[in-house]
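See below for the structure under consideration.
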Amino acid sequence: MAKITVNFERCKGCALCTTACPKKIVAMQKEKRNSKGYYTAICTDESLCIGCGMCYTMCPDCAITVER
Amino acid sequence: MAVAYKRPHAYCDVPTHYCPGCTHGIVHRILSEVIDEMGIEGDTIGICPVGCSVMAYDYFNCDMIEAPHGRAPAVATGVKRAKPDSYVFTYQGDGDLAAIGTCETVHAATRGENIVVIFINNTTYGMTGGQMAPTTLPGQVTQTTPFGRDTSVQGFPVKVCEMLSTLSGTALAQRVAVDSVPHINEAKKAIRKAFENQKEKRGFSIVEVLSTCPTNWGLSPVEALDRLRNEMIPYYPLGVYKDVNVREEGKEDA
Amino acid sequence: MSERSLMKGNEALAEAAMRAGCKCFFGYPITPQTEISAYLAKKMSANGGLFLQAESEIAAINMVLGAASTGTRCMTSSSSPGISLKSEGISYIAASDLPCVIINVQRGGPGLGGIQPSQADYWQATKGLGHGDFHILVYAPASVQEMVDMAVNAFDKADQYRMPAMILADGLLGQMMEPVTFPEIKPMEYDKSWAASGHKNKREHNIINSLFLTPEVLENSVIERFERYRKIEETETDAEIYLCNDADIVVCAFGATARVAKSAVNLARGKGIKAGLFRPKTLWPFPVNELKDAVKTAKKILSVEMNMGQMIDDIKLATECKIPVSFFGRTGGVIPKPMEILDKIVDLGGDI
C-alpha cells in the first residue's frame, strides 16, 4: 500500500519522473495545465505503486511526496 | 501510511526559478537531505556565486551568502576561518569554478580549506544563455562556438577533479552524475562524505556533479539526461579521483 | 593602560587593528605595506586572531567579505595597484552592507607605477572604488599616532554604519617611525543580528546579498544606503584647522603632505604672510563645513598634494568656487619640499 502525491502547482512538467518509475505508472497528463502553464505528472495506477521513491529522487522540483 | 519521501527541511518550500528538468533542483534536494540527516542546518553557511544558482540563497534554509563570480572559495575561506566550527559549502557552476574562479578554487584546495565545494558541470554558461564553458566538450555547439568547440582554437575542456586530485590539500575529489536514480544516490553519498570530511577536518572536498541544461542544449529534459549519459560521462568518467580516507586507512569509509 | 612606544607607521597600524578587535586579516604582499602583513603574521594567532596570506588581492578581499559576513571584525591591506584589484570585492561588500577595514598605503601610479609615497588614489578612494552607487569611509592619517587612532575609529564606524572604511595612508607614513600611544579600547557592542554565522535553529536564515533583479527593489536599497551616507556627511567629518583665523592664504593638504605644508605655512608666517593650513582628516565624507569656516578670511586657497590635483574639485565644491584655488603638487613618488611650497605661497601672496 503506497501512493504518491504530485504538487500540481510545483510540477514543471519535465517528465524526468516518468523515466524513473520501475512500475511505469508515472505519466504526464495532457488535460489540465497549472497556473504556470505546465501539464503535470500523475500516477496512472495507484494500486501498483510500491512507494520506492524513485520518482521523488528524480524530481528536480521536489514536487512529489511518497507515502507507504 | 506514513510519509516516506518529502522535501527536506533545509530546502525552502518555494518554487525555484530553474527551467523545467534542470537538475539543479535534484542537487539542491540531495544536498539539503545531507544537511538534514547530519542535523547541521543551524551551523551551515552556504555560498552561491554568480551563475544560474546565484539565487540559491532563497532556496536553502541555512544562512546564505551571495558571492562575486568565481570567488566563492575565497568567501568560504573567510567564513570558515572566522567560524571554524561551522559547516561551509559553496555551490558553483563550471564557468564560475573552472574559468573566472580557477585561482580561488585551486588555492582553497591546496590550502586544504575545510569546506565542501559542490561543482555543477553542465558544459555551458546557463544563466547568460549558453556560451562556451571551460568544460564544454570538443565539438559542442554553443552560442560562442557556433561551429562547435574547435580545440585548435578554443583549447580543451578542464577536467577539474583530475586536476584537484593532484593537490595535497584535497581530501575528496569525486565526480558523480544525476542522470539516474542510482547515480543520484551515489551523488548524495559523495556529498555526505564531503560533509563528514569537513566535520573531521580532513581538508578540501569537491563533488563534481555532471548535470544537464536542457534549455541551452536545445533538448527536452529527458533527452538531456541521455546526452549526459552518452556524451558527458565518457569524457568525464565518474568516480573517486582522490579520497584521503582511502589513502589513510587503506580502505574507503563505509 | 596606555604606553608609549616608537614604531613604524605600518606596524603601529597593525597593532592598533589587533587591539581594536580585528580577528581576521587577509592580505597579499605588496610594497610599501608589507610590514602590516609581517607584523600580523607574527602576532595575530597569539592574540586569538587569524592571519592568512591569500593567493591574490582579489581572494583577500573576498575572504574579508566572508569573514565580515559572519559578523567578525576583519581587515585587508594593500597598496595602490592591489586596491584596484580589490575594487570588485569592495563594491560587493558595500552593496551587502558589511563592515570591514581596508588599508591603502599608497604608492605612485598609474599602472605598476613606483613604490615611493603618493596620494594619487584620492579619486579612487573618494569617488570610484568600484562599480555602482556607493561610498566608503575614507580616513587620511598624517602621523603614526593617527594611523593608530584612525584604525581604531575605522573599525567602530564600519560597524556602526555597516560599511567598509578605508585608511588612506601613503608610503611615507607607512615607513616612518614615530612615538605612539595606544589608546585604551572601549569595547562597544554593535548589532550583528544580520550576520550569516549559522542560525542555530533559533531564527530564520540570514542572507548576505547584493543581487536585486527588480529595479525598484535595487533602487530602494541604494536609496536607503544613501540616506545613511547623508547622516554620515552631517556627523562624521573631521579636519585640522591651523592658523586659519586671519589667513589670507589657506593651504589645503591631507596626509603626510600636510606635515610638509604645515612647515611651509610656518615659514610663510615668519615672512609675514598670513598663511594657514586646512587638513581634512576624513576625505569621504569631505569636511565641507569645516573648510567653509577655515576660509572665512581667505583670499586664495592653495591645494598641495602628492598627485596632480585630485582634491581641487572637492575644495571648489565646498567653497562654491568663491575663492580661487591654486595647486602645487608632486607626483610619481616625489615628496614636495617645504621650500617649494613656500615659494608657491610667496608667489600667491605677492598680489594680496
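The analysis underlying the following values was restricted to heavy atoms, covering all of them including side chains, and did not include hydrogens, waters or symmetry mates. Please read these numbers as outputs of a predicted model, since none were measured by experiment. Chain identifiers are assigned alphabetically (A, B, ...) following the order of the sequence lines, protein sequences preceding nucleic acid strands; residue numbering begins at 1 within each chain.
Heavy-atom distances place both the backbone and the side chain of B:Arg7 under 4.5 Å from chain A. Contact of B:Val27 with chain A is not made at all, since no heavy-atom distance falls under 4.5 Å. For A:Thr19, the part sitting under 4.5 Å from any heavy atom of chain B is the side chain, from C-beta outward, and nothing else. Using a 4.5 Å cut-off between heavy atoms, A:Ile64 contacts chain B through its backbone alone, with no side-chain atom that close. For chain A, no part of B:Ser220 is nearby; none of its heavy atoms comes within less than 4.5 Å. Interface residue B:Tyr11: only side-chain heavy atoms are found under 4.5 Å from chain A. Contacts between B:Asp13 and chain A at a heavy-atom distance below 4.5 Å involve backbone atoms as well as side-chain atoms.
Salt-bridge check for B:Arg227 with B:Glu223: failed, with every basic side-chain N at 4.0 Å or more from each acidic carboxylate O. Here A:Arg10 does not pair with A:Asp61 in a salt bridge; the nearest charged N to carboxylate O distance is not below 4.0 Å. Under the 4.0 Å criterion applied to side-chain N and carboxylate O atoms, B:Lys193 and B:Asp243 are assigned as salt-bridge partners. Taking 4.0 Å as the cut-off between side-chain N and carboxylate O, B:Lys188 and B:Glu37 count as a salt-bridged pair.
The candidate with the highest count of non-hydrogen atom pairs below 4.5 Å against chain B, out of A:Ala63, A:Gly13, A:Cys52, A:Gly51, is A:Cys52.
The only option from B:Tyr91, B:Phe89, B:Tyr57 that meets the ring pair (Phe, Tyr, Trp, His ring centres under 6.0 Å) definition with B:His28 turns out to be B:Tyr91.
Within a 6.0 Å radius of CE in B:Met1, more than 12 heavy atoms belonging to other residues, nucleotides or ligands are found.
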